[in-house]
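Everything numeric here is computed off the predicted structure, so don't read it as measured data. As a basis for the values below, the full set of heavy atoms in this structure was taken, side chains included, without hydrogen atoms, waters or symmetry mates.
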Amino acid sequence: MASQYYQEMQESFKNNNKSREFPAHTAKVHSVAWSCDGRRLASGSFDKTASVFLLEKDRLVKENNYRGHGDSVDQLCWHPTNPDLFVTASGDKTIRIWDVRTTKCIATVNTKGENINICWSPDGQTIAVGNKDDVVTFIDAKTHRSRAEEQFKFEVNEISWNNDNDMFFLTNGNGCINVLSYPELKPIQSINAHPSNCICIKFDPTGKYFATGSADALVSLWNVEELVCVRCFSRLDWPVRTLSFSHDGKMLASASEDHFIDIAEVETGEKLWEVQCDSPTFTVAWHPKRPLLAYACDDKDGKYDNNREAGTVKLFGLPNDS
């Protein structure tokens, strides 16, 4: 028997099943993220810029484009509680902190390598950035100085604090999840999560679960307290690139090179919906307050007008009549 939540969300998506596309960049979008209040969406692109949009009723209105990086903006994230600040990580060996009120870069922090992943601690005090050489640097968000630096002996893919801010998680190329104490950074556990490369990790807003996506095309759901796998989602056929939990923690979106985004009900693993895409999807992000999903796909190949398709962001869950 499908849960009441399942039925309600299916009904909602039937009535709001449009995906709308908004031009954002001149090249592929690598990362999308919502501000904590849900008023803005930021995107980072291969074109070396970040863009910020305001969400107005049923559309995204571009507010600003942020220039300054000398290489691709591979990942970005917002401050966990301040909706005006976000940080970008680039292959140019810097991270930049931006303030949407002044539209200026308020800090450029030099790092040792080409940066590929970034996250902001739940207490807002620290930014962790990982580079291609598997070094993770912990930067004080106020002084912009490095607090600690860890070189890992394995391929580090994605990094994240738990919601309580006292553990730090890494997914690695051997299919493991490494758990460190924070701020001591002492190894607590290495979990064999997948038979192949463990790519992405996300914590649900309620703090009950986290999910990992792997090159084996599986998404696994873990209980945070016990660090045990609760269930797996296996509807994708390609390596899972990106994950996002809905604001209530009840839905999980996952995407890959499959031409759809899988939306699962967390508690049952049932497929709630799939969002059709024309090309691989590399980033998804649920809105922090409502069932609205932002995502960005790979540029389409030559069959289409590349100029129009390059660098768009999309929203799924908007009303059909908009």
Taking every non-hydrogen atom, the tightest pair across Glu265 and Ser3: OE2-OG, 2.7 Å
Salt bridge or not between Asp140 and Arg145? Use side-chain N to carboxylate O under 4.0 Å. no
What class does the angle between the rings of Phe13 and Phe316 fall in, given that below 30° is parallel, 30 to 60° is tilted and above 60° is perpendicular? tilted
What is the minimum heavy-atom distance between Tyr182 and Met167, and which atoms define it? CB-N, 4.0 Å
Taking the six-membered ring for Trp, are Phe203 and Phe245 closer than 6.0 Å centroid to centroid? no
Is it true that, when you exclude Glu56 itself, more than 12 heavy atoms of the residues, nucleotides or ligands shown sit nearer than 6.0 Å to its CD? yes
Taking it one step at a time, do Lys271 and Asp262 satisfy salt bridge (Lys or Arg N to Asp or Glu O under 4.0 Å)? CA-CA 7 Å; Lys271 177 171 95 173; Asp262 183 76; 5.9 Å; no
Test side chain to side chain contact (heavy atoms under 4.5 Å, CB included) applied to Val266 and Lys208, step by step: CA-CA 11 Å; Val266 170; Lys208 186 177 178 184; over 6 Å; no
So with a 6.0 Å cut-off around CZ of Phe53, is the heavy-atom count from everything else above 12? yes
Could you tell me whether Glu274 and Arg235 make a salt bridge, using a distance below 4.0 angstrom between a side-chain N and a carboxylate O? no
Do the side chains of Glu63 and Arg39 get close enough for a salt bridge, i.e. N-O under 4.0 angstrom? no
Donor + acceptor pair across side chains of Asn65, Thr49 (<3.5 Å): yes
